[in-house]
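We use all heavy atoms of the structure for the numbers below, so side chains are in, but hydrogens, waters and symmetry mates are not. If you read the sequence from its start, that first residue is 1, and numbering goes on from there.
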Amino acid sequence: MIRVLLVDDQPLLRSGFRALLDVEDDIEVVAEAADGREGLALAREHLPDIALIDIQMPVMDGIEATRRIAADPALARVHVVILTNYGLDEHVFHALRAGAAGFLVKDIEPEDFLHAMRVAARGDALLAPSITRKLINRYVTEPLHSAADTRLEGLTNRERESVALVAQGLSNDQIAERLVISPLTAKTHVNRAMAKLHARDRAQLVVLAYESGLVTPRNR
């Protein structure tokens, strides 16, 4: 059973998402919240598989709620999916940096929404690396040289190469072809890099690659 927490300040929108989810045999809405602070408390109480969080809310916005969920070891298995009205924008970029697994536009088709919930519950990023790259190309012009730089030093050469290729939008099979290794080995390099860098998913790996300067917008 996929357990979902709905966090949005619009009751009508929450009701609409709940109506879609409640009829599914494998999905359960465990709680609803009207702001990020309440959502954070309910995430800690219910430990949902997915926290579906609106970006713009009173009291605590979705980006701050995402940041606090991502920083809490007790919530490591909670996958944050951001809701937005506007698609690719700076708010989405900041949400990805904060730890979101991906985002959905609020006018998404019902069947696509249900598919997205199942994808997120598996731990897969709800955002193709190529789309993440477009966001970063738009909002990052220079490496941020954050603490990520130091963490990159713990990667092997192959792991660094794999992270750079993930940031370019390549799948594990494409990385394997580029590096002349097996797909399983490519997946192992990517997974080990994620573990060392404490990246929650591939979308986070892409963001970190750009922020650290491993890949730059000029290389796209």
Side-chain angles (χ1 to χ4, degrees), residues 1-43 46-70 75 77-139 169 200-204 206-207:
M1 183 67 70
I2 300 170
R3 295 161 47 81
V4 178
L5 167 65
L6 300 177
V7 186
D8 195 295
D9 62 329
Q10 300 180 47
L12 186 60
L13 193 64
R14 293 201 311 271
S15 297
F17 283 128
R18 177 183 276 275
L20 283 173
L21 296 172
D22 279 347
V23 298
E24 299 298 308
D25 293 336
D26 61 333
I27 303 177
E28 173 189 14
V29 176
V30 296
E32 296 183 28
D35 60 67
R37 186 169 64 187
E38 183 184 8
L40 180 62
L42 290 173
H46 294 279
L47 298 178
D49 299 298
I50 300 169
L52 191 63
I53 301 179
D54 186 24
I55 284 186
Q56 296 178 321
M57 294 181 293
V59 185
M60 180 189 293
D61 65 24
I63 295 173
E64 181 60 25
T66 298
R67 184 177 293 111
R68 296 193 187 192
I69 288 174
L75 301 178
R77 297 180 64 86
V78 178
H79 305 292
V80 175
V81 177
I82 286 292
L83 285 168
T84 176
N85 287 317
Y86 307 111
L88 295 177
D89 66 7
E90 189 172 3
H91 295 297
V92 171
F93 169 66
H94 289 307
L96 291 173
R97 285 188 62 206
F103 77 98
L104 296 175
V105 179
K106 290 183 179 182
D107 61 359
I108 187 173
E109 293 293 330
E111 59 270 23
D112 293 334
F113 171 70
L114 294 172
H115 174 71
M117 292 297 94
R118 295 182 173 99
V119 169
R122 293 198 302 266
D124 295 333
L126 266 184
L127 194 61
S130 58
I131 300 299
T132 314
R133 178 159 46 93
K134 288 179 183 178
L135 275 171
I136 294 171
N137 286 347
R138 186 178 302 173
Y139 297 111
R200 291 168 70 91
D201 51 45
R202 291 174 77 98
Q204 293 300 297
V206 176
V207 172

Heavy-atom donor-acceptor pair, E32 side chain to L5 backbone, under 3.5 Å: no

Nearest heavy atoms of V29 and R18, plus distance in Å: CG1-NH2, 3.3 Å

CZ/R77: more than 12 non-hydrogen atoms of other groups inside 6.0 Å: no

Student check: side-chain heavy atoms of I108 and H115 closer than 4.5 Å: no

Heavy-atom pair of closest approach, residues P48 and A43: CD-O, 3.5 Å

Donor-acceptor pairs under 3.5 angstrom involving side-chain atoms of residues 50-62: please list them, not counting sequence neighbours.
{"residue": "D54", "atom": "OD1", "partner": "K106", "partner atom": "NZ", "Å": "3.2"}
{"residue": "D54", "atom": "OD2", "partner": "K106", "partner atom": "NZ", "Å": "3.4"}
{"residue": "D61", "atom": "OD1", "partner": "I63", "partner atom": "N", "Å": "3.2"}
{"residue": "D61", "atom": "OD1", "partner": "E64", "partner atom": "N", "Å": "2.8"}

Close side-chain approach of M117 to I27, heavy-atom, < 4.5 Å: yes

Spacing of CZ belonging to R122 relative to CD1 belonging to I2, to within rounding of 0.5 Å: 8.5 Å

Residue pair A31 / L42: nearest heavy atoms and the distance that separates them: CB-CD1, 4.0 Å

pair L40-L75: side-chain heavy atoms closer than 4.5 Å: yes

Over all atoms of both residues, closest heavy-atom pair of G99 and A70: CA-CB, 4.1 Å

Stepwise side-chain contact (heavy atoms from CB on, under 4.5 Å) test for F17 and V4: CA-CA 10 Å; F17 283 128; V4 178; over 6 Å; no

Closest non-hydrogen atom pair between E24 and L20, with its separation: CG-O, 3.7 Å

Distance in Å, L96 CG paired with Q204 CD, rounded so as to fall on 0.5 Å steps: 6.5 Å

Heavy-atom neighbours of R37 CZ exceed 12 at 6.0 Å: no

Closest heavy-atom pair and its distance - V81, A120: CG2-CB, 3.8 Å

Non-hydrogen side-chain atoms of L114 and L21 separated by less than 4.5 Å: yes

Under 3.5 Å: donor-acceptor pair, side chain of R14, backbone of D8: yes

